[in-house]
Amino acid sequence: MIHTPRPGAGTASALDTDAIRKDFPILQRVLHDGKPLVYLDSAATSQKPRQVLDAMNAYYEQHNANVHRGVHTLAEEATALYEGARDKVASFINAPSRDEVIFTKNASESLNLVANMLGWADEPYRVDADAEIVITEMEHHSNIVPWQLLSQRTGAKLKWFGLTDDGRLDLSNIDEIITEKTKVVSFVLVSNILGTVNPAEAIVRRAQDVGALVVVDASQAAPHMPLDVQALEADFVAFTGHKMLAPTGIGVLWGRQELLEDLPPFLGGGEMIETVSMSSSTYAPAPHKFEAGTPPISQAIGLGAAIDYLTAIGMENIAAHEKEIVEYAVRRLQEVPDLKIIGPVTAEDRGAAISFTLGDIHPHDVGQVLDEQGIAVRVGHHCARPVCLRYGIPATTRASFYLYSTEAEVDALIEGLHTVRAFFG
Amino acid sequence: MKMDSMYQEIILDHYKHPHGKGLRDGDAEVHHVNPTCGDEITLRVRLDGSTVADISYDSQGCSISQASASVLNDLLVGKQVGEAQQVQEAFLELMQSKGQSEGDEELLEDAIAFAGVSKYPARVKCALLSWMAWKDATAQALAEAPVKESA
């Protein structure tokens, strides 16, 4: 059926980026006046290798049918491909069971799903007016707003960890933030704006001590480093496909099996039921209980192909490659006059996204002048406005890296930033 | 180069040396934000009869939004409200032209330098921020003290 050729895996820690880049047609693009594309916006969305595009095309050209119904050949092939993708995800995150992997449309939906399950749950999981919800000040809006909504609807109190001046979580008051009243703690594993890798173990241990559920937003972690949900000891882990070489429209929520059995469904519809009468229904077991309606089939298959691609290269190798790039980028960026990194200034416990300000030059202007040189970065508050407020800045410029990023691209960025300074200086 | 059509010398001049910046007395005050990029402006309008006596503002944002506020102050202060509204409408039309209009130089003066910005959808809102704030503030000021038709 669908084959994913083994991509160019490198030796030791370094990746063979030349070979890898050949798998990504878009990276061959040339922009304005013959400038090669320098894509430094993978934290917003990654580019897609030909293997992923081919897998999705092959599905539509040869196997397209709705899943879990129909007895014809195509329906069975489509179901096998879709469920095969679930197996790949389960193995990728070391889930104890494939039934713990719920497909959603993105990480936002995954997090909203958890918040809604807990809002409608019975005791002991129910979040009500006596409960407290804990998040952090460095969350993406997708891990803030669902909890604000839950708090407003239930009367539960929303609390959060603040940040230190060097872009890390301030856990000094962890025992006052996470208390016996805390029902759920939800935090980001790797910040999309600061690049910080958070100390999950300390937070998980305290949450477990008080019997709170732990939700981890792994959107910026799953694409870049080995992710083991059992080692993490969380109760729920959310991430999205499009940041890890897969298409948009496919996300994952992993949850512990007994929780998924106990918690109520959120969206109702086809696919998620066992029997339906006009007065009531019973529900399918997880994960189908949480997948109402026709799912994103080709997108899930694309995610499966992306996982094959990443696994063939090796997540350890990808992490090592990105660490080298980030070390180099952090050093080179600090050579640029008036440039200030917002977040950790070393590569220690740091992901592949680096935010910075450049004197008084607004990030919009930085991004625009870089674009003229073929360099794609993200500018703005990166859906993490509280972080900008915390550091008293309106916005940042963010460069982010992935398995196909090279030191030459970092050099192009540095040169571009000098041009920006000359232009507005 | 394409970029030079966005970052005209006039725009960079206004950005580096903004005219009329700072908050002064006014008849109405508004605060507008551009949620996609965090550009912000607090703008006050003071009317003297049917004349735009002052437009004062405090703002933060990119070169385009800053320069645009400065040009707004240059162009509209001293004009009759009706004339100023015509200029505002012409500027709005220019910014919505997707690069297809060069703008009426007699009416828009320095503001025609923004014609190139209209080709960049992400930046049109930056250029319009102060102008929409002025429109809003002026409507409020007029509601407070309606201008009599001048003879």
Side-chain angles (χ1 to χ4, degrees), chain A residues 30-35 41 44 140-141 144-145 193 338 342 355-398 415-425, chain B residues 1-18 21-22 31-43 57-71 95 98-99 113-130 133:
Chain A
V30 172
L31 303 176
H32 337 289
D33 306 328
K35 307 249 171 33
D41 197 18
H140 188 281
H141 295 166
I144 298 175
V145 183
I193 179 168
D338 303 328
I342 307 298
S355 274
F356 56 87
T357 55
L358 187 60
D360 289 336
I361 307 172
H362 193 277
H364 261 183
D365 292 320
V366 176
Q368 197 88 51
V369 177
L370 288 177
D371 177 64
E372 284 300 316
Q373 299 161 78
I375 302 166
V377 295
R378 175 82 185 266
V379 297
H381 52 48
H382 315 289
C383 296
R385 190 166 172 271
V387 171
C388 290
L389 294 176
R390 164 66 176 81
Y391 295 110
I393 47 174
T396 76
T397 303
R398 181 187 71 187
E415 199 180 313
L417 291 171
H418 285 297
T419 306
V420 171
R421 289 191 73 246
F423 198 84
F424 291 103
Chain B
M1 197 163 88
K2 199 170 75 170
M3 196 165 60
D4 289 338
S5 66
M6 171 180 314
Y7 292 116
Q8 297 285 321
E9 206 53 48
I10 295 173
I11 293 181
L12 290 173
D13 275 353
H14 276 281
Y15 167 56
K16 289 171 189 168
H17 311 286
K21 191 166 178 169
H31 179 74
H32 280 210
V33 299
N34 180 350
T36 56
C37 60
D39 285 359
E40 293 189 33
I41 189 165
T42 302
L43 182 142
Y57 61 96
D58 184 25
S59 61
Q60 62 165 34
C62 65
S63 60
I64 301 298
S65 70
Q66 300 303 294
S68 175
S70 172
V71 169
M95 295 319 299
K98 301 190 167 92
F114 289 85
V117 179
S118 73
K119 282 182 282 194
Y120 298 82
R123 307 301 296 276
V124 169
K125 278 189 178 168
C126 307
L128 284 175
L129 183 69
S130 56

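Numbers restart at 1 for each chain; the letters A, B, ... are given by sequence-line order, proteins then strands.
With a 4.5 angstrom heavy-atom cutoff, B:Glu40 touches chain A only via side-chain atoms.
Open room surrounds NZ on B:Lys98; 12 or fewer heavy atoms of other groups in view lie less than 6.0 Å from it.
Scanning residues 356-365 of chain A against chain B with a 4.5 Å heavy-atom cutoff picks out A:Asp360, A:Ile361, A:His362, A:His364, A:Asp365, ordered by number. Scanning residues 384-398 of chain A against chain B with a 4.5 Å heavy-atom cutoff picks out A:Arg385, A:Pro394, A:Ala395, ordered by number.
To the nearest 0.5 Å, the span separating OH on B:Tyr7 from CZ on A:Phe424 amounts to 4.0 Å.
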